[in-house]
J.: 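Before we start, here is the structure in question, set down as structure tokens.
What you see below is based on every heavy atom in this structure, not just the backbone, and it leaves out hydrogens, waters and symmetry mates. In each ligand, atom 1 is the first atom listed, and ligand 1 is the first ligand listed. By convention here, the first residue in the shown sequence is residue 1.
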Amino acid sequence: MRIVLLGPPGAGKGTLAKLLQETMEVTHISTGDILREEMNHQTPLGKKIKRFVESGELVSDTVVTKIIENRLSSKKNSDRGYLFDGFPRTETQARDLDKILTKIQKPIDLVVYMESTLPVVLQRLTGRRVCKECGALFHMVNKLPQRPGICDLCGGALYQRPDDHEETIKTRMEVYLKNIQPIIDYYAAQGKLKKIDANRNAETVKDELMKIFDAKSKLGHAQP
Ligand code: AP5
């Protein structure tokens with residue numbers, strides 16, 4: 001299946017993607033993770049995009065679409081499908097994604113719109129800690145690591161993303177709200193959009209999604 005996860009910062013796209021990846025063996029493609037990897041390795045691209053990512057503004061459509069195109073042509077991808085997390089973020093990106101997927105005859109099956117509200121995302125993101133080594137997610141209230149500052153899975157150091165401070169989260173939310181409606185309209189017109197209340201806990205959200213996938217598979221709408 002090819003699935004797009006849409007939603008504001010902190011809706012839980014990354015958390016859900018990790019849960020679904022385990023169950024469905026799909027390839028998780030997060031443009032945010034890819035961009036941060038470029039920044040961590042201080043590549044020419046990483047240096048160019050740093051100020052956008054750290055201030056909560058969007059990186060250009062051309063740059064992120066090229067990244068997606070490269071990822072989809074990589075041999076590392078699974079045949080089971082993809083989970084797009086944080087892409088598309090503009091209507092242009094949504095249209096470009098369709099063009100790329102049409103070329104390889106693997107269209108999007110489902111777009112999950114994870115609705116969440118500012119107080120919830122502020123609480124989630126200001127408390128989020130990420131493992132530097134394996135990318136596992138923790139939370140200072142909801143999901144504490146067993147040893148402070150240390151990843152339970154690999155022992156790596158936990159850090160706070162520079163864009164996870166209150167003012168930057170608010171900027172990210174404004175940027176999101178400015179761009180989201182045309183994307184929703186675009187996928188709703190294709191009959192692919194499913195809304196889900198993402199203010200609930202992660203397991204409940206995942207269970208609801210699994211029911212949507214099952215229903216879709218039974219109808220024979222999802223292609224391998
Ligand atoms: P990106 O990394 O994509 O950030 P984002 O969309 O703002 O989303 P987040 O990763 O912050 O949140 P999430 O929804 O994944 O939440 P998570 O699961 O981690 O993008 C960063 C930047 O890169 C952008 O601002 C932009 O500059 C650039 N960029 C990226 N893609 C781009 C594109 N396509 N075009 C242009 N620029 C682009 O959860 C958050 C916390 O909450 C965690 O601690 C988690 O444990 C907790 N949590 C999650 N779900 C729940 C739940 N249901 N209940 C309780 N706690 C929960």
J.: Does ligand 1 come near enough to L16 that some N or O of the ligand is less than 3.5 Å from an N or O of the residue?
T.: no
J.: Just to confirm my output: which protein heavy-atom neighbour is closest to atom 15 (O) of ligand 1, and how far is it?
T.: G14 N, 2.8 Å
J.: Heavy-atom pairs closer than 4.0 Å: do any link ligand 1 to the side chain of V59, the backbone, both, or neither?
T.: both
J.: Distance from I29 atom CD1 to D85 atom CG, nearest 0.5 Å?
T.: 10.0 Å
J.: Write out the residue and atom name of the closest protein heavy atom to atom 35 (N) of ligand 1, then the distance separating them to 0.1 Å.
T.: Q93 NE2, 3.0 Å
J.: For atom 25 (O) of ligand 1, which candidate among A17, G56, A11 provides the closest heavy atom?
T.: G56
J.: If you measure from the Lys or Arg side-chain nitrogens to the Asp or Glu carboxylate oxygens, is any gap between R36 and D33 under 4.0 Å?
T.: yes
J.: Checking the side chain of R129 only, and the main-chain atoms of M140 only, is there a donor and an acceptor separated by less than 3.5 Å?
T.: no
J.: Salt bridge or not between K99 and D96? Use side-chain N to carboxylate O under 4.0 Å.
T.: yes
J.: Name the closest protein heavy atom to atom 44 (O) of ligand 1, giving the residue it belongs to and the distance to 0.1 Å.
T.: F138 O, 3.0 Å
J.: Would you tell me which option among K13, K143, R161 has the nearest heavy-atom contact to atom 4 (O) of ligand 1?
T.: R161
J.: Determine whether any heavy atom of V53 lies closer than 4.0 Å to an atom of ligand 1.
T.: yes
J.: Around F52, counting heavy atoms of other residues, nucleotides and ligands shown, do more than 12 lie under 6.0 Å from its CZ?
T.: no
J.: For F138, is the NZ or CZ atom of K143 found under 6.0 angstrom from the centre of its six-membered ring and inside 45 degrees of the ring axis?
T.: yes
J.: Donor-acceptor check, side chain of D152 to backbone of P145, threshold 3.5 angstrom: yes or no?
T.: no
J.: Can you tell which part of N199 has a heavy atom less than 4.0 Å from ligand 1: side chain, backbone, both or neither?
T.: neither
J.: Given G12, G86, G7, which has its nearest heavy atom closest to atom 16 (O) of ligand 1?
T.: G12
J.: Check each heavy atom of L35 against ligand 1 and say whether those closer than 4.0 Å belong to the side chain, the backbone, both or neither.
T.: side chain
J.: Is ligand 1 less than 4.0 angstrom away from at least one heavy atom of R200?
T.: yes
J.: Considering residues, nucleotides and ligands other than K206, do more than 12 of their heavy atoms fall under 6.0 Å from its NZ?
T.: yes
J.: Report the nearest protein non-hydrogen atom to atom 49 (C) of ligand 1: residue, atom name, distance rounded to 0.1 Å.
T.: T15 OG1, 3.3 Å
J.: Using a 4.0 Å heavy-atom cut-off, which part of Y176 comes near ligand 1: side chain, backbone, both, or neither?
T.: neither
J.: Of all the non-hydrogen atoms in the protein, which one sits nearest to atom 5 (P) of ligand 1, and at what distance?
T.: R89 NH2, 3.2 Å
J.: Which protein non-hydrogen atom lies closest to atom 31 (N) of ligand 1, naming both residue and atom, and how far is it?
T.: T31 OG1, 2.8 Å
J.: Of the side chain and backbone of R124, name the one, both, or neither that has a heavy atom under 4.0 Å from an atom of ligand 1.
T.: both
J.: If the cut-off is 4.0 Å to any non-hydrogen atom of E57, which atoms of ligand 1 fall inside it?
T.: 26 (C), 27 (O)
J.: Look at ligand 1 and say whether R172 reaches it with a heavy atom at a distance under 4.0 Å.
T.: yes
J.: Any atoms of ligand 1 less than 4.0 Å from a non-hydrogen atom of N201? List them with their elements.
T.: 53 (N), 54 (N)
J.: Would K18 count as a contact residue for ligand 1, given that I'm defining contact as a non-hydrogen atom of the residue lying under 4.0 Å from a ligand atom?
T.: no
J.: Looking at atom 9 (P) of ligand 1, what's its closest protein heavy atom, distance included?
T.: R128 NH1, 3.4 Å
J.: Give the residue and atom name of whichever protein heavy atom lies nearest to atom 56 (N) of ligand 1, and the separation in Å to one decimal.
T.: N142 ND2, 3.4 Å
J.: At less than 4.0 angstrom from any non-hydrogen atom of A202, what atoms of ligand 1 do you find?
T.: 52 (C), 53 (N), 54 (N)
J.: Would you say R129 touches ligand 1, if touching means a heavy atom closer than 4.0 Å?
T.: no
